[in-house]
Protein chains: 2
Amino acid sequence: MKRTVILYGLALAGLVFLLKYLEYRLIVHDLSIEFYVGLVALFFTGLGIWAGLKLTRKQVVMGGPEFILNESELQRLGISKREHEVLELMAKGLSNQEIADKLFVSLNTIKTHSSNLFLKLEVSRRTQAVQRAKELRLIP
Amino acid sequence: MKRTVILYGLALAGLVFLLKYLEYRLIVHDLSIEFYVGLVALFFTGLGIWAGLKLTRKQVVMGGPEFILNESELQRLGISKREHEVLELMAKGLSNQEIADKLFVSLNTIKTHSSNLFLKLEVSRRTQAVQRAKELRLIP
DNA sequence: ATTCAAATCACCCTTTCGGGTGAAGGAATT
DNA sequence: AATTCCTTCACCCGAAAGGGTGATTTGAAT
């Protein structure tokens with residue numbers, strides 16, 4: 001951003017010198033002023049396009065893998081933090097045992113959490129739970 | 001795209017008239033030529049930015065919810081039509097029994113297909129298979 | 001202080017999944 | 001004719017998942 005502004009300033013400064021130079025040239029060679037102005041227009045058009053792309057490219061990158069958690073839906077369904085955590089790991093394809101290990105709790109605990117999740121999400125299998133959770137934007 | 005080019009042409013044409021007009025004005029009011037060229041530069045910079053945005057905005061919109069099946073990857077992994085079919089239903093959260101019913105084949109057949117799928121996708125659980133298949137763009 | 005939700009774990013039982021092996025029929029290729 | 005691949009199905013077994021019930025602890029709200 002800063003760099004863009006600086007380059008723009010330099011371009012403008014360079015233009016002034018160019019014009020001073022052209023001012024003399026105009027007397028010697030009788031080229032129309034429209035020609036020079038056309039060059040300037042072209043140059044700054046290119047500069048503008050470049051600047052525009054530079055500015056939006058960041059927005060494009062940002063506008064890609066964006067995920068905003070649907071907290072209202074989480075509340076509506078009454079899904080707790082721990083349950084949500086389990087849900088995320090579930091979506092990563094982990095088994096209950098692996099989730100239990102990762103969260104340092106017992107397998108039974110995870111089974112309880114997942115059972116509650118299935119009730120709240122109104123599903124009966126983990127694959128469906130993951131699907132539904134993605135639809136509701138509860139997970140990326 | 002066409003519209004952009006036309007507008008650009010009109011802008012350039014307008015500029016020529018503007019310059020002709022300024023040519024007389026320059027005699028009356030003794031404003032420096034740099035001032036007018038600066039205006040032109042500014043104007044075309046804006047025009048360039050606008051054009052740049054116009055061109056990229058379409059790319060952004062196009063790059064949205066589109067799904068193109070990665071057939072080369074399907075071939076590379078040696079996944080058959082039937083297996084791909086099973087994979088899709090699996091991704092919908094269906095159990096093996098439900099898939100079997102939907103395809104009018106036996107449960108054992110689906111188990112064979114899914115086992116082969118897991119080998120080819122190098123996973124060991126259906127949740128992981130779905131995940132991987134989405135990564136590889138084998139399913140939407 | 002009491003109530004309540006969340007989190008933890010246990011035990012039971014049934015269903016589903018996944019791995020391994022084998023095999024039969026059919027279509028396409030060589 | 002032989003080979004290869006796809007599809008179909010079977011059986012066995014162990015692991016994982018899911019359903020139900022009940023219990024303890026802890027922290028937050030009333």
Side-chain angles (χ1 to χ4, degrees), chain A residues 69-136 138-139, chain B residues 69-136 138-139:
Chain A
L69 200 150
N70 191 340
E71 296 186 61
S72 61
E73 200 63 20
L74 270 183
Q75 280 199 318
R76 197 180 69 77
L77 299 175
I79 292 176
S80 69
K81 287 169 199 165
R82 202 54 160 173
E83 286 166 348
H84 185 249
E85 208 168 347
V86 170
L87 185 57
E88 284 177 322
L89 296 175
M90 202 176 269
K92 286 185 180 173
L94 301 190
S95 69
N96 285 339
Q97 184 61 65
E98 289 169 332
I99 297 174
D101 292 345
K102 185 156 281 189
L103 298 182
F104 302 107
V105 294
S106 117
L107 170 61
N108 290 307
T109 303
I110 301 302
K111 289 178 110 191
T112 303
H113 285 323
S114 59
S115 279
N116 291 332
L117 272 171
F118 296 155
L119 285 177
K120 290 171 181 176
L121 290 173
E122 295 175 287
V123 296
S124 50
R125 270 181 291 283
R126 56 179 43 226
T127 40
Q128 293 178 333
V130 170
Q131 238 207 305
R132 185 130 185 73
K134 290 199 176 189
E135 280 174 16
L136 300 175
L138 305 181
I139 50 176
Chain B
L69 199 151
N70 190 341
E71 295 187 61
S72 60
E73 200 63 19
L74 271 183
Q75 280 198 319
R76 197 179 68 78
L77 299 176
I79 293 175
S80 70
K81 287 167 199 163
R82 203 55 159 171
E83 286 166 348
H84 186 247
E85 209 168 346
V86 171
L87 185 57
E88 282 176 325
L89 296 175
M90 201 177 269
K92 285 184 181 173
L94 301 190
S95 70
N96 286 340
Q97 183 63 64
E98 288 168 333
I99 297 174
D101 293 345
K102 184 156 281 188
L103 298 182
F104 302 108
V105 294
S106 115
L107 170 61
N108 290 308
T109 303
I110 302 303
K111 290 178 104 188
T112 303
H113 285 325
S114 58
S115 278
N116 291 333
L117 272 171
F118 296 155
L119 285 177
K120 291 170 181 176
L121 291 172
E122 295 176 285
V123 297
S124 51
R125 272 182 290 283
R126 55 177 48 225
T127 39
Q128 293 177 334
V130 171
Q131 238 206 306
R132 183 130 185 73
K134 291 199 175 187
E135 280 174 14
L136 300 176
L138 306 181
I139 50 176

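Each chain gets a letter, A, B and so on, in the order its sequence line appears, and its residues count up from 1.
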Short N/O separations, protein against nucleotides 4-12 of chain C, under 3.5 angstrom:
unit_1 : atom_1 : unit_2   : atom_2 : d
C:dA7  : OP1    : A:Arg82  : N      : 3.2
C:dA7  : OP2    : A:Ser80  : OG     : 2.2
C:dT8  : OP1    : A:Arg82  : NE     : 3.1
C:dT8  : OP1    : A:Arg82  : NH2    : 2.9
C:dT8  : OP2    : A:Arg82  : NE     : 3.0
C:dT8  : OP2    : A:His113 : NE2    : 2.9
C:dC9  : OP2    : A:Ser106 : N      : 2.6
C:dC9  : OP2    : A:Thr109 : OG1    : 2.8
C:dC9  : O5'    : A:Thr109 : OG1    : 3.4
C:dC9  : N4     : A:Thr112 : OG1    : 3.1
C:dA10 : OP2    : A:Asn108 : ND2    : 3.4

Please list, pair by pair, any protein nitrogen or oxygen found under 3.5 Å from a nitrogen or oxygen in nucleotides 25-30 of chain D.
none

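In this structure, CZ of A:Phe118 is placed 11 Å from C1' of D:dG19, rounded to the nearest angstrom. In this entry the distance linking CG of B:Leu119 with P of C:dG20 reads 8 Å, nearest Å. Rounded to an integer number of Å, the gap from CG of B:Asp101 to P of C:dT15 is 16 Å. Atom CG of B:Leu89 and atom C1' of C:dT16 are 17 Å apart (whole Å). The distance between atom CD of B:Gln97 and atom P of D:dG18, rounded to the nearest whole Å, is 16 Å. Atom CD1 in B:Ile99 sits about 15 Å away from atom P in D:dT7, given to the nearest Å. Taking atom NE2 of residue B:His84 and atom C1' of nucleotide D:dT7, one finds them 17 Å apart after rounding to whole Å. Put simply, CZ on B:Arg125 is 11 Å from C1' on D:dA15, counting in whole angstrom units.
Of all the heavy atoms in B:Asn70 and B:Leu138, the pair that sits closest is O-CD2, 3.8 Å.
Proximity of residues 127-134 of chain A to DNA chain C (heavy atom under 4.0 angstrom from any strand atom) is not detected for any residue.
A donor-acceptor contact shorter than 3.5 Å links the side chain of B:Glu83 to the backbone of B:Ser80. Judged by distance alone, the side chain of B:Gln128 and the main-chain N or O of B:Ser124 form a donor-acceptor pair under 3.5 Å. Judged purely by atom type and a 3.5 angstrom limit, B:His113 has no side-chain atom pairing as donor or acceptor with the backbone of B:Val86. Between the side chain of A:Ser114 and the backbone N or O of A:Ile110 there is at least one donor-acceptor pair closer than 3.5 Å. Formation of a donor-acceptor pair under 3.5 Å by the A:Lys120 side chain with backbone atoms of A:Gly78 is found in this model.
In terms of phosphate contacts, B:Arg126 brings a side-chain nitrogen or oxygen within less than 4.0 Å of OP1 or OP2 of C:dG18. In terms of phosphate contacts, B:Asn96 brings no side-chain nitrogen or oxygen within less than 4.0 Å of OP1 or OP2 of C:dT16.
Every residue two or more places apart in sequence or in another chain was checked for a side-chain contact (heavy atoms from CB on, under 4.5 Å) with B:Ser115, and none qualifies. Contacts of B:Glu98 classified as side-chain contact (heavy atoms from CB on, under 4.5 Å), with partners at least two apart in sequence or in another chain: A:Arg125, B:Leu94, B:Ser95. Scored by the salt bridge (Lys or Arg N to Asp or Glu O under 4.0 Å) test, A:Glu85 finds A:Arg82 as partners (sequence neighbours excluded).
Looking only at side-chain heavy atoms (C-beta outward), B:Leu103 and B:Leu89 come within less than 4.5 Å of each other. Proximity of A:Ile99 to A:Val105: side-chain heavy atoms (C-beta onward) are nowhere separated by under 4.5 Å.
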